There are 2 protein chains.
Amino acid sequence: MRSRTDTRSKIVELAQQLLLERGYNGFSYQDISKPLGVKNAAIHYHFPTKEDLGVALINEFREILHTRTTDFMQSGGNPVNQLEGYIGFILDSFKRDKTICPMGILAVDLFTLPEKMQIHAQLLVNEMIRWLTRVLDAGRDAGLFFFNGPAVDKAVAVKSVLQGAAQLARLNGAGILDNAVVQLRRDLGRA
Amino acid sequence: MRSRTDTRSKIVELAQQLLLERGYNGFSYQDISKPLGVKNAAIHYHFPTKEDLGVALINEFREILHTRTTDFMQSGGNPVNQLEGYIGFILDSFKRDKTICPMGILAVDLFTLPEKMQIHAQLLVNEMIRWLTRVLDAGRDAGLFFFNGPAVDKAVAVKSVLQGAAQLARLNGAGILDNAVVQLRRDLGRA
DNA sequence: GTCTATAACGTGATAGAC
DNA sequence: GTCTATCACGTTATAGAC
């Protein structure tokens, strides 16, 4: 029993995979329509332009972030659990199919992206940093993390390590990402 | 007085800028030939396929890395100077024209790249990690850096921070990169 | 909501003249 | 070493039938 937007959600799901795997300029409407067994025009019905599709994908990432960070909050509210939940999500995603963080992908492609996508990508990054800053700040106050300087600086550093290491792991093997995570924990005084 | 490969080197120079700015799938032969005032066929003469051009670009990055790390070595051989030289290079590049590290770009585009490019990209990353590991290890032995765990783990973490933070800075402003660098120094016990 | 058909253009690439 | 000319194909996108 398929809802009336079944195709639409299948398009979003596949396009998301393709964006994460190949970047915004690395996939086409054909790459979506062929596996789904529909025609290009069907995709244009749901997303008139590729920009519309791109914006929908970024908003999907923002929703995932919101859902998962809310999850982390609820599961104890412990800052360690929250950070480790995010780290686990990144490790699992990479190990499944070498998925890397969408923010790095959007940053690399940024100057080729339609304007609306650029704006929504900025929102995504801001939301991520805001959440991670809160987690680290609360964890330091509770004596669970140890670091100097403003929490927002540490948040950017932590996010950057995870993002960058997953990228390097594509080129050098998954072990490099595991080791970077271990080092990250050491640098938070947790090892 | 132009050498017989003047056009060739101009192609490489411009293509490098384009790759760093837009990713491998974000520029075309036209983007190179038009500004240079030559025809597409002229580029195909020097680089029969885009793969050939791409490999040449990666090898250029490898040469730059080799030249600059040799520089750092010679200018005192001090591990702090070596690391700070690399950091300064990244900061300057970003502030000039929002240039980010080619390794992140190649990682994002990896599964769309011709085979030879993928292989050369792996070499580039391996060489980078090897150099940075040596610098950090020597610095720790000399009591200049402070960190726990294998130097190679810290090298990956340091490289990842710089790479990831420059990407986030494209979306959030240059300040975020500066702050990540400050945090990086703190986490090396240097602030 | 999906289709066929088509438009308008950009892409990487090649042959052969100069 | 660079040109003109051309190719075959893929791209995003639209109009209109069903």
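Since this is a predicted model, take the numbers as computed values, not measurements. Residue numbers start from 1 in every chain, and the chains themselves are labelled A, B, ... in the order their sequence lines are given, proteins ahead of strands.
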No-hydrogen, no-angle side-chain donor-acceptor test under 3.5 Å, Arg186(B) and Gln183(B): yes
Name the residue closer to the 5' end of DNA chain D, choosing between Ala42(B) and Tyr29(A) according to the nucleotide with the nearest heavy atom. Ala42(B)
Selection: residues 49-60 of chain B, any non-hydrogen atom under 4.0 Å of DNA chain C: Thr49(B), Lys50(B)
According to a strict under-4.0 Å criterion, is His44(B) in side-chain N/O contact with OP1 or OP2 of dT2(D)? no
Salt bridge Asp187(A)-Lys154(B), side-chain N to carboxylate O under 4.0 Å: yes
Please determine if a side-chain N or O atom of Tyr45(A) lies less than 4.0 Å away from the OP1 or OP2 oxygen of dT2(C). no
At under 4.0 Å, does any side-chain N or O of Gln30(A) touch on OP1 or OP2 of dG10(D)? no
Any carboxylate oxygen within less than 4.0 angstrom of a Lys/Arg side-chain nitrogen, looking at Asp92(B) and Arg96(B)? no
Quick check for you: among dC3(C), dT2(D), dC3(D), whose closest atom lies nearest to any side-chain atom of Lys39(A)? dC3(C)
OP1 or OP2 of dG1(C) sitting under 4.0 Å from any side-chain N/O of Thr7(A)? no
Count I, L, V, M, F, W, Y as connected when their side-chain heavy atoms are under 4.5 Å apart, and connections chain through other members. Are Phe94(B) and Leu91(B) then in the same cluster? yes
Does a side-chain N or O of Ser28(B) approach OP1 or OP2 of dT11(C) to a distance below 4.0 Å, or not? yes
Does Lys50(A) count as lying over the ring of Tyr24(A), i.e. NZ or CZ under 6.0 Å from the six-ring centre, within 45 degrees of the axis? yes
Please check if any side-chain donor atom of Asp52(A) sits under 3.5 Å from a side-chain acceptor atom of Thr49(A), or the reverse. yes
